[in-house]
Amino acid sequence: MSPWRVVAAQAVAGVAVAGLAWWLTRQASVFWSALYGAMAVVVPSSLMARGMNSRLTSLNPGVSTVSFMLWELVKLGLTVVLLVLAPRLVPDLSWPALLVALAIGVQMVWVALLWRGRSKNS
């Protein structure tokens with residue numbers, strides 16, 4: 001499965017959560033907080049997907065393993081930086097909305113894997 005499908009699923013889920021947050025609360029700050037939470041998942045995942053698809057990662061299994069660990073570390077670090085910056089970048093930040101969008105975005109990896117398994121069996 002392409003990592004870009006997972007990133008796309010995370011983006012779609014994030015926009016859906018932000019839309020649902022807006023629909024439930026009618027507060028722009030909650031919408032932007034949820035959207036920022038989704039972005040805190042999608043941007044690092046995109047960077048990792050890009051890094052993992054480089055020519056260098058397909059040289060041999062050892063290089064591929066080290067590359068995966070390096071890109072996972074970059075992804076986690078960028079996510080932490082984005083979360084630390086959230087109060088400065090999002091006016092009237094709603095942490096619950098941000099964290100719900102973040103959690104759902106992270107869970108989309110599992111949904112994509114289940115979807116992949118289901119389509120193979122069909």
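Nothing here was measured: the structure is a model prediction, and the numbers come from that model.
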**Study point:** Apart from Leu20 itself, residues in the same hydrophobic cluster as defined by side-chain heavy atoms under 4.5 Å
**Key:** Trp23, Leu24
Practice item. Check whether any side-chain heavy atom of Leu47 sits under 4.5 Å from a side-chain heavy atom of Trp71, and report yes or no. Key: yes
Exercise for review: Find out whether Met48 and Phe68 are in side-chain contact, i.e. whether some heavy atom of one side chain is under 4.5 Å from a heavy atom of the other.
Suggested key: yes
Check your understanding: Honestly curious: do Val81 and Leu83 fall in one hydrophobic cluster under the side-chain, below-4.5 Å linking rule?
Key -> yes
Check your understanding: Which pair of non-hydrogen atoms, one from Ser33 and one from Val90, has the smallest distance, and what is that distance?
Key -> OG-CG1, 3.8 Å
Check your understanding: Does Met108 offer a backbone N or O that forms a donor-acceptor pair with the side chain of Gln10 under 3.5 Å?
Key -> no
Practice item. Compare every heavy atom of Trp95 with every heavy atom of Ala86, then report the nearest pair and how far apart it is. Key: CB-CH2, 4.2 Å
Point to revise | Minimum-distance pair of heavy atoms, taken over all atoms of Pro91 and Leu89 | key: CD-O, 3.6 Å
Exercise for review: Answer yes if Val17 and Val109 sit in the same cluster of Ile, Leu, Val, Met, Phe, Trp and Tyr residues linked by side chain heavy atoms under 4.5 Å apart, and no otherwise.
Suggested key: no
Exercise for review: Taking all heavy atoms of Thr25 and all of Ala21, pick out the closest pair and write down the distance.
Suggested key: OG1-O, 2.7 Å
Check your understanding: Is there side-chain contact between Thr79 and Val41, with at least one heavy-atom pair below 4.5 Å?
Key -> no
Practice item. May I ask you to check whether over 12 heavy atoms, not counting those of Arg26, lie within 6.0 Å of atom CZ? Key: yes
Check your understanding: What are the two closest heavy atoms between Pro3 and Asn53, and how far apart are they?
Key -> CG-ND2, 3.7 Å
Check your understanding: Between atom OG of Ser45 and atom CH2 of Trp4, what is the distance when rounded to the nearest 0.5 Å?
Key -> 9.5 Å
Exercise for review: Give, for atom CH2 of Trp32 and atom CG of Leu93, the distance between the pair rounded to the nearest 0.5 Å.
Suggested key: 13.5 Å
Check your understanding: Would you say Met39 and Leu82 make side-chain contact, with heavy atoms under 4.5 Å?
Key -> yes
Practice item. Write down the atom of Gly51, the atom of Ser67, and the distance for their closest heavy-atom approach. Key: O-OG, 4.5 Å
